[in-house]
Participant: 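What follows is a structure written as structure tokens; I'll ask about it next.
Position 1 is the first residue of the sequence, and the numbers go up from there. As the structure lists them, so they are numbered: ligands from 1, and atoms in each ligand from 1. This is a predicted model, so every value here is computed, not measured.
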Amino acid sequence: ATANIGVVGLAVMGSNLARNLASREGNTVAVYNRTWARTESLIEEHPEAEFVQAKSVEEFAASLQKPRTAIIMVQAGRGTDAVIDQLTQVFEPGDIIVDGGNALFTDTIRREQAVSAKGLHFVGAGISGGEEGALNGPSIMPGGSPESYETLGPILKSIAAVAEGEPCVTHIGTDGAGHFVKMIHNGIEYADMQLIAEAYDLLRNSAGLTPAEIADVFTEWNRGELESYLIEITAEVLRQVDARTGKPLVDVILDQAGSKGTGVWTVQTALNLGVPVSGIAEAVFARALSSKPAQRAAASELPGPSTPARVEDRDAFVEDVRRALYASKIIAYSQGFDAIAAGADEYGWNIDLGSVAKIWRGGCIIRAVFLNRITDAYTEQPDLVSLVTAPYFTEAVAGEQDSWRRVVAHAATSGIPTPAFSSSLAYYDGLRAKRLPAAVVQGQRDFFGAHTYKRVDAEGTYHTLWSGDRTEIEATDSH
Ligand code: 6PG
């Protein structure tokens with residue numbers, strides 16, 4: 001046995017990860033794919049990688065040094081279970097099976113239980129950065145046992161992206177913690193993408209900028225606090241001209257956004273945990289709305305505002321949109337980190353939020369200069385209850401909020417849909433409110449269902465005899 005690490009599944013992500021591993025000092029990489037042809041072409045195309053090739057899963061196991069460590073890179077779902085089954089048959093106690101796909105964290109919890117019952121380690125590892133990241137350095141979020149991380153950690157560190165001199169990988173927590181955090185990463189990714197898309201829409205349809213001009217604006221923004229991979233690539237998308245028609249490519253791309261599930265999972269999970277991730281939810285819903293052509297066609301002639309709001313000062317508006325984007329982005333991340341904290345509580349994971357922010361600084365899709373500020377916030381205040389209440393972010397939002405309010409108001413009066421901008425502002429105002437109309441909801445619930453309420457000035461649970469003389473009684477049980 002010569003290989004210290006193996007990769008199963010050699011589609012683009014798997015091949016790129018295997019090549020990344022092979023390019024790092026100290027690694028010898030065994031590769032296995034269900035169909036041999038794919039293994040063959042990888043080896044042919046990349047002789048420099050010196051892979052140890054396996055034609056069968058038995059050969060693959062035999063080529064790995066103990067404890068055997070293998071990363072599965074197949075489509076999440078049944079394919080993953082099938083490969084785990086195969087590997088558990090040829091691996092031995094102490095060996096480590098890593099799932100590097102976008103698995104649902106509850107599947108990972110289930111798989112970890114089943115695999116560890118056989119004495120093997122199972123690690124669900126979120127890997128972000130797309131194809132390019134897999135090849136040159138992704139951000140990696142491994143779960144599983146601390147013991148398995150002793151073997152796996154150095155290998156993952158050898159291939160991860162590096163940010164501020166540190167590899168973008170850390171042991172997130174046990175069993176499904178890594179895939180949970182990757183799921184939230186993707187949820188935040190959805191919100192971030194939607195916010196940038198809304199900014200584009202406002203600049204295009206209110207300020208009248210062309211896609212190429214907006215690309216220039218985004219390139220400019222990318223030199224400041226908004227500097228991020230997503231802003232950078234959006235500028236490139238907007239600058240692209242379609243070869244067939246000569247139009248901006250964005251104008252010939254069908255405006256129906258697809259999704260593969262991680263955003264939906266984030267929202268479903270957050271709903272179960274009772275965490276308002278409204279920015280992420282709006283991003284998921286915005287994709288859903290876009291993908292309803294029949295409804296959109298039927299509604300396309302519905303009246304909009306009689307006099308669309310005009311942008312008086314274009315430069316001032318562009319700056320307002322930039323500030324609104326930054327404030328909304330702070331809210332999206334704040335909500336995402338809340339969801340991680342709630343998940344950790346629910347599933348018994350000891351997740352260090354500051355470390356999560358750190359490993360998202362490089363390699364992943366949401367990498368941004370801004371992650372440094374989040375890292376600082378958790379370093380200064382490890383028990384921070386809400387990111388938006390950290391001094392840096394409080395000040396940032398305070399500085400942007402006039403712009404933010406103007407943009408949301410403008411969008412409403414001009415009929416431009418900005419669900420993520422608007423809901424983020426509503427969340428901010430809800431969170432900071434001294435009194436919420438939740439008191440009215442409690443009154444309503446007590447009225448029709450005797451669901452009881454608590455008082456601000458006394459302990460206990462109360463009910464008003466709404467259909468009687470309307471006196472208040474102390475209730476023993478609340479429903
Ligand atoms: C990443 C990406 C990656 C993938 C998403 C896209 O972190 O590298 O998030 O996981 O591109 O699955 O998700 P949708 O297809 O749902 O937009």
Participant: Only heavy atoms of H185, strictly under 4.0 Å: list the atoms of ligand 1 that pass.
Facilitator: 7 (O)

Participant: Just let me know how M141 lines up against ligand 1, side chain, backbone, both or neither, with a heavy-atom cut-off below 4.0 Å.
Facilitator: neither

Participant: When you compare the side chain of F122 with that of S116, does any pair of heavy atoms fall below 4.5 Å?
Facilitator: no

Participant: Would you verify that at least one protein heavy atom lies under 4.0 Å from atom 11 (O) of ligand 1, or report that none does?
Facilitator: no

Participant: If the cut-off is 4.0 Å to any non-hydrogen atom of E189, which atoms of ligand 1 fall inside it?
Facilitator: 1 (C), 2 (C), 6 (C), 7 (O), 9 (O)

Participant: Main chain of D201, side chain of R204: is a donor-acceptor contact present, judged purely on distance under 3.5 Å?
Facilitator: no

Participant: Give a yes or no on this: more than 12 heavy atoms of other residues, nucleotides or ligands lie within 6.0 Å of atom CZ of R34.
Facilitator: no

Participant: Yes or no: does K182 have any heavy atom under 4.0 Å from an atom of ligand 1?
Facilitator: yes

Participant: Run the numbers for me: atoms of ligand 1, each under 4.0 Å from some heavy atom of I365, listed by number.
Facilitator: 1 (C), 2 (C), 7 (O), 8 (O)

Participant: Would you say CD of Q65 has more than 12 non-hydrogen atoms from neighbouring residues, nucleotides or ligands within 6.0 angstrom?
Facilitator: yes

Participant: Considering non-hydrogen atoms of the protein only, which is the closest contact for atom 15 (O) of ligand 1, and what is the distance?
Facilitator: K260 NZ, 3.0 Å

Participant: Could you tell me the residue and atom name of the protein heavy atom closest to atom 5 (C) of ligand 1, and the distance to it rounded to 0.1 Å?
Facilitator: N186 ND2, 3.7 Å

Participant: Say whether E132 and N136, considering side chains only, have a donor N or O and an acceptor N or O under 3.5 Å apart.
Facilitator: yes

Participant: Check whether the side chains of E198 and Q194 place a donor and an acceptor atom closer than 3.5 Å, and report yes or no.
Facilitator: yes

